[in-house]
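The structure under discussion appears below in the form of structure tokens.
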Amino acid sequence: MRTKPVLLVVAHGSRDPRHACTVHALVERVRSLRPGLRVETGFLDFNVPSVQGVLDSLAAEGVRDVVALPLLLTRAFHAKADIPAVLREAPARLRIRQAEVLGPSPLLLSALERRLYEAGLTPADKSSTGVVLASAGSSDPEAIAVIAGIAREWRHTGWCAVRPAFASASLPRTEDAVRELRALGCERVAVAPYVLAPGFLPDRIARGAAGADVLADVLGPAPEVARVLLERYDEARTPALAALGA
């Protein structure tokens, strides 16, 4: 029986210890959803093990096939440059496929709504609630366009209004989007962080949400996020299986 490729979750890393704890909790949920799959975690910076260290260890064990999955919501600099550069330095014996980033995905919209409901909203509140879709931000136009598209799509599911906001690199900021929704006459305003784990930029989002009625938690180990990881893994390994006739 041919061994399934190892899933290597590639996280950015952070000096904030909450970041790594959240990443590990998400990876544990992925493992629980697919017990037969080997899942490893590597960090680009700040935390250990490093991506390079994990790849070296896998090669030393005799592993051949790896799917490297960027733990990112948009396809920006890290997905386009940083991660490919690290993977190019991997041991030559490894066959590595880089999976797509997590977003956009209907499952992530479901995770956002889960977090809003956990923060106190109900489905009956949707038509009277304006939502700020607050992301970390990027200087990459493709990533900014994706966030704007997600906000438009989410608005069509019944919310009073949805506005994108960014913690860095782009405008508007969270507090500006909150004020705009107030001016539109939304009965209540909620901030939904479109980020995976706590850290510096999510804390900035939280400060910008001071004028909102509801602040949701980060996506973290939501079951929908874990399901997206497995979807991206399956998509990345499918070409290899087809080539093998599996």
Side-chain angles (χ1 to χ4, degrees), residues 22 71-76 79 100-229 231-232:
T22 302
L71 196 60
L72 300 168
L73 294 171
T74 57
R75 182 172 160 75
E100 290 296 329
V101 298
L102 303 185
S105 167
L107 284 170
L108 294 177
L109 286 181
S110 296
L112 286 165
E113 295 206 356
R114 170 189 293 275
R115 293 302 189 225
L116 285 171
Y117 297 150
E118 289 171 349
L121 293 179
T122 70
D125 296 323
K126 292 183 74 167
S127 63
S128 57
T129 301
V131 179
V132 179
L133 178 68
S135 75
S138 173
S139 58
D140 188 307
E142 178 186 348
I144 298 305
V146 166
I147 298 300
I150 293 170
R152 288 192 299 271
E153 178 182 351
W154 204 14
R155 163 68 180 83
H156 294 149
T157 66
W159 296 100
C160 175
V162 180
R163 293 291 185 272
F166 308 94
S168 68
S170 308
L171 295 174
R173 295 286 183 258
T174 302
E175 53 268 33
D176 300 325
V178 169
R179 284 192 291 268
E180 180 183 353
L181 291 172
R182 291 281 187 215
L184 281 175
C186 296
E187 185 175 317
R188 67 185 63 78
V189 175
V191 174
Y194 190 59
V195 292
L196 288 165
F200 176 75
L201 293 178
D203 284 349
R204 181 179 288 177
I205 290 171
R207 291 193 297 272
D213 301 294
V214 173
L215 171 62
D217 199 358
V218 299
L219 296 174
E224 296 87 353
V225 179
R227 287 168 59 195
V228 175
L229 264 72
E231 283 188 357
R232 297 293 181 257

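Scope of the values below: all heavy atoms of this structure, side chains included, with no hydrogens, waters or symmetry mates. Since the structure is predicted, the reported quantities are computational estimates derived from the model, not experimental observations.
- The shortest non-hydrogen separation linking T22 to P221 is CG2-CD, 4.1 Å.
- Scanning all heavy atoms of the two residues, the minimum distance from A169 to G137 falls at CB-C, 4.4 Å.
- A 4.5 Å side-chain heavy-atom check between L71 and L229 finds at least one atom pair inside the cut-off.
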Query - Audit row: V225, L108, side-chain contact (heavy atoms from CB on, under 4.5 Å) steps and yes/no - result: CA-CA 6 Å; V225 179; L108 294 177; 4.0 Å; yes
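- Taking each heavy atom of W159 and T129 in turn, the nearest pair found is CE3-O, 3.7 Å.
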Open item on the list: Could you walk me through whether R75 and V146 satisfy the side-chain contact (heavy atoms from CB on, under 4.5 Å) test, starting with their C-alpha distance in whole Å, then the side-chain angles of each, then the deciding distance to 0.1 Å, before giving a yes or no?
Closed with: CA-CA 9 Å; R75 182 172 160 75; V146 166; over 6 Å; no
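- In this structure a side-chain-to-backbone donor-acceptor pair under 3.5 Å is present from S168 to A136.
- Residues D203 and P198 are not in side-chain contact: their nearest non-hydrogen atoms beyond the backbone lie 4.5 Å or more apart.
- Note that CD1 of I144 is 7.5 Å distant from OG1 of T74, once rounded to the nearest 0.5 Å.
- Distance CD/E175 to CD1/I205: 10.5 Å, rounded to 0.5 Å.
- To the nearest 0.5 Å, atoms CG (D125) and SG (C160) are separated by 11.5 Å.
- With a 4.5 Å cut-off on side-chain heavy atoms, F166 and L171 do not count as touching.
- With rounding to the nearest 0.5 Å, the separation of CG in L73 from OH in Y194 is 4.5 Å.
- Within the 4.5 Å cutoff, the side chain of R232 has heavy atoms near those of the S105 side chain.
- No side-chain heavy atom of L196 sits less than 4.5 Å from a side-chain heavy atom of P202.
- Scanning all heavy atoms of the two residues, the minimum distance from A190 to L121 falls at CB-CD1, 3.9 Å.
- L112 has its side chain out of reach of L116: every pair of non-hydrogen atoms, C-beta onward, lies at least 4.5 Å apart.
- A pairwise comparison of heavy atoms in S138 and S170 identifies O-OG, 2.7 Å as the closest pair.
- Rounding to the nearest 0.5 Å places CG of L184 at 5.0 Å from CZ of R163.
- Here R227 does not pair with E224 in a salt bridge; the nearest charged N to carboxylate O distance is not below 4.0 Å.
- Residues P223 and R114 form a side-chain contact, since some pair of their non-hydrogen atoms from C-beta on lies under 4.5 Å apart.
- In this structure, G208 and V178 approach most closely via the heavy-atom pair O-CG2, 4.1 Å.
- Interatomic distance, OG of S135 versus CG of L201, reported as 9.5 Å (0.5 Å rounding).
- Side chains of I150 and R152 form no contact here, defined as non-hydrogen atoms less than 4.5 Å apart.
- For the pair R182 and D213, the salt-bridge criterion is met [side-chain N within less than 4.0 Å of a carboxylate O].
- In terms of modelled atom types and a separation under 3.5 Å, the side chain of R155 and the main chain of V162 share no donor-acceptor contact.
- R115 places no side-chain N or O within 3.5 Å of a backbone atom of D217 that could act as its donor or acceptor partner.
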